[in-house]
Amino acid sequence: MAIITKIREKSGVAVGLIAIGLILFMVGGDLMSPNSRLLGSNKQIVGVIGGEEVELRQFSEIVDGIKSNYPTPPNEQQMQGVRQMAWNELIYRVAYGQQMEELGISISAEELDDIISGNNIAPEFGQYFRDSTGEVSRENIKMYLASLKQQGPSSPQYQQFLSFEQQLKTSRTRIKYENLISRTYFASDLEGKKEYEKQNDKVEIAYLNVPFYSVPDSAVNTTDADAKAYYNANKEEFKRDANRGIEFVSFQVKASDADKKNLEADMQDLARAFERTSNDTAFVDANTEGATKFLSANMTGLPTVLDANALEEGKVYGPFFAAGAYRDYKVLGTSEDTVYSARASHILFKNDKDDAKAKKEALATLRKIQGGENFEELAKKVGDAAPTTKSRGGDLQWFSEGRMVPEFDKAVFSARKAGLISRLVKTSFGYHIIKVTETKTKKQFELAVVEKKLSASDATINEAYRKASVFAASAKGGRKAFEELAEEQKIFIEQALTIAPTATFINSLRGNSVRQVIRWAYTEASIDEVSEVFDLDDRFVVATLMTSREEGIADFDEVKNEAMVEAKKAKKAEFITTKLAGLSGSIEDMRKAYGNGAKADIASDLSLNDVSIQGIGIAPKTIGTAFGLKEGEVSAPIVDENSVVVIKVRKADKALETADYSIYQTQVENRYNRSANYNILEAVKELSEVKDERYKFF
């Protein structure tokens, strides 16, 4: 009895565990996922704007509103643009809204009426109501609004209009806000004068340039401490966006030999049914997967697998395999083309170097053929025809009249019978020996085409998935197990080290399904964790997370090499500057005294708008210094982007004074205005601390 009691106790525990297991099975995906709300998580939040959390539901409603304005449902690529528009719409509503509320900017009911049906109809609304002349018709708008009123506020059309109306209000208030700021941009007379001088003041300099690379690394002792000091002093340079690094293996889904054999058998069955059918159009529509269903083909356009001389009306030919698909062709009949086609072969002897020699060789070869030697075999061995033509025994295949040079064309299309033309034909290319294989004809065939693309069968897909699943299960121990297993099975491991949260591809992985791998890397994976199997368009993928970095200043260890490079540059700059400090005389004297690595030259016609100097490269500090020196003055060593430079101003041409700088003021203002709206948007996003986390969902 004690044993039975114990069994009952254990059974109760087992039943409880099974029940828990079933619950976890049903909700586990949500419970354990980063988007779960069962544990109080807020991961259904796609971002934060101005301190307000944006829920996925709210974002999706705006996306749906924008989608409804498309004439046809947008594809995935277009959806990326739709989601961006929806996100911007939220920024305008929330972040701009907060700013505009403080400033008292709004759209009155009268203004809204004006941009919908008044004298200032918004272009994005009016475009849907143009009349036959292309003008916006207020009458059409009134009829539309009246029909909405009849349908009532609960109708889908009315709701769609309300969504669009909200977008118009957001857009118009945003324009007001942006105009309020952008129109405060003003260029003074002094700014106009400075712009005039930037464009028209010129200097000519003699320079001594010593590139950093001219100093060997062994000449400067750069330590980890130097790199760390540079890092600490310049942390903003090491600000990085969030990224992830993964390793992954792919299990390709490819049609097998068995799949190909099975498809060929299916196409053979179809060919028999195709020949029996009396309704070719219905048969093709029901069975083909190809874009071309019916084809009018002259001899030049006839599929090469078909022999024009053997085709019979009503017969089906195939299946033929090419470009990943099998095709059956049915001959529906023949018709007449508007131009002649013919087929010929040739052996060419170019005469561009020695006309007499080319003619002699051509004549000798012609005599051999007339004496009984095989044309095709000779065409492969002698002459100057294109390699592909020679490999085909000189065959030019079918071509239309007018395609070849006139002399060649005339010889072929005037031939009354097939065979060797008994004379040489001279053209701009040289001497041709021509054999007409098919005389001219206007005949063309009317064909019906049934095409089936070769794709992996369910069995093949299941086998690829099985392999991927076994690999994923066997590698659950982590990245080390993942790598060891891949090496053991000789599976190539790909690495992608800097995947952005919004990336749309990973190395060779393309297509909409790639986003699921990226979302996993950002929302679920921990370092060294191995993923489940991802089902991509043409393969199954298993990944492991190598690195994970959030947005912000990168850790020193991560950017140590970069910091070392910059620290080394600073040490080399100090080395060069110290060596130059003891030199005097002309620029040329200093070059000679400095020795190897130094270069002297002259740069003319420099303006303040320039950013580089020929012979030096990017050199903004050098250019700025040049305009701060007087004619004949020599600078101290200038540490620039890639070198240390000493300059002497040879000539400084100041632009003539002018009474009117208004043109240059306008240029400055236009420059401000071109970037105004972008700068306003970026400033508002920064002030509102916009956090975009859409990558967790899309």
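One is the number of the first residue; the rest follow in order along the sequence. Everything quoted here is computed from the prediction, not taken from an experiment. What you see below is based on every heavy atom in this structure, not just the backbone, and it leaves out hydrogens, waters and symmetry mates.
Between Tyr177 and Tyr96, the ring planes lie perpendicular to each other; the angle is over 60°, past the 30° to 60° tilted range. Between Phe164 and Tyr128, the two ring planes are perpendicular [angle over 60°; tilted spans 30° to 60°]. Classified by interplanar angle (parallel below 30°, tilted 30° to 60°, perpendicular above 60°), the ring pair Tyr144/Phe129 is tilted.
If you take CD on Gln157 and CG on Leu162, they are separated by 12.0 Å, rounding to the nearest 0.5 Å. A distance of 12.5 Å separates NZ of Lys648 from CD1 of Ile205, quoted to the nearest 0.5 Å. Going from atom CH2 of Trp87 over to atom CG of Asp692 covers 4.5 Å, rounded to the nearest 0.5 Å. A distance of 9.0 Å separates CD1 of Ile576 from CG of Asn209, quoted to the nearest 0.5 Å. Separating the CZ atom in Arg674 from the OH atom in Tyr185 is a distance of 12.5 Å, to the nearest 0.5 Å. Between atom CG of residue Asn200 and atom CG of residue Asn609 there is a gap of 9.5 Å, rounded to the nearest 0.5 Å.
Put simply, the side chain of Arg174 never gets that close to the backbone of Tyr92: no donor and acceptor are under 3.5 Å apart. Judged by distance alone, the side chain of Asp113 and the main-chain N or O of Glu110 form no donor-acceptor pair under 3.5 Å. Counting only distance, with no hydrogens or angles, the side chain of Ser688 and the backbone of Ile49 share no donor-acceptor pair below 3.5 Å. Of the possible polar contacts, one joining the Arg515 side chain to the Tyr695 backbone as a donor-acceptor pair under 3.5 Å is found. In terms of modelled atom types and a separation under 3.5 Å, the side chain of Asn120 and the main chain of Ile115 share no donor-acceptor contact. Looking only at distances, no side-chain donor or acceptor of Asp226 sits under 3.5 Å from a matching main-chain atom of Ala567. Using modelled atom types, one side-chain atom of Asp131 and one backbone atom of Gly134 make a donor-acceptor pair closer than 3.5 Å.
In Gln77, the CD atom is not crowded: 12 or fewer heavy atoms of neighbouring residues, nucleotides or ligands sit closer than 6.0 Å. Within 6.0 Å of the CD atom in Gln516, the count of heavy atoms belonging to other residues, nucleotides or ligands exceeds 12. Atom CD of Gln127 is surrounded by more than 12 heavy atoms from other residues, nucleotides or ligands within 6.0 Å.
Side-chain contact between Lys696 and Val46 is absent, with no heavy-atom pair separated by less than 4.5 Å. Between Asn677 and Leu681, every side-chain heavy-atom pair lies at or beyond the 4.5 Å cut-off. Considering only heavy atoms from C-beta on, Asp605 comes within 4.5 Å of Lys202 through its side chain. Counting heavy atoms from C-beta outward, Lys685 and Glu682 have side chains that approach closer than 4.5 Å. Glu562 places none of its side-chain heavy atoms less than 4.5 Å from the side chain of Glu237.
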Inset, instruction - Using the salt bridge (Lys or Arg N to Asp or Glu O under 4.0 Å) rule, take Glu111 and Lys176 through it: C-alpha gap first, then chi angles, then the decisive distance, then the call. - result: CA-CA 12 Å; Glu111 282 181 280; Lys176 277 188 176 186; 2.8 Å; yes
Legend entry - Residue pair Lys568, Val220: steps toward the side chain to side chain contact (heavy atoms under 4.5 Å, CB included) verdict: CA-CA 7 Å; Lys568 200 165 286 185; Val220 292; 4.2 Å; yes
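Look at Lys579 and Glu574 and you find no salt bridge, because none of the NZ, NE, NH1 or NH2 atoms lies under 4.0 Å from a carboxylate O. Under 4.0 Å is where a charged nitrogen must lie from a carboxylate oxygen, and between Glu191 and Lys194 no such pair does. Note on Arg671 versus Glu195: salt bridge recorded, some NZ/NE/NH1/NH2 to OD/OE distance being below 4.0 Å. Of the charged side-chain nitrogens involved, at least one lies within less than 4.0 Å of a carboxylate oxygen, so that Glu197 and Lys193 count as a salt-bridged pair. Here Asp217 pairs with Lys572 in a salt bridge; the nearest charged N to carboxylate O distance falls below 4.0 Å. A salt bridge links Glu76 with Arg83: the distance from a Lys NZ or Arg NE/NH1/NH2 to an Asp or Glu carboxylate oxygen falls below 4.0 Å.
Between Ile553 and Glu236, the closest heavy-atom pair is CD1-OE2, 4.1 Å. Here the shortest heavy-atom pairing between Gln167 and Glu89 reads CA-OE2, 3.5 Å.
Checking Thr504 against Gln80 by side-chain atom types alone, no donor-acceptor pair falls below 3.5 Å.
Residue Tyr664 forms a side chain to side chain contact (heavy atoms under 4.5 Å, CB included) with just one option from Gln199, Lys198, Glu669, and that option is Gln199.
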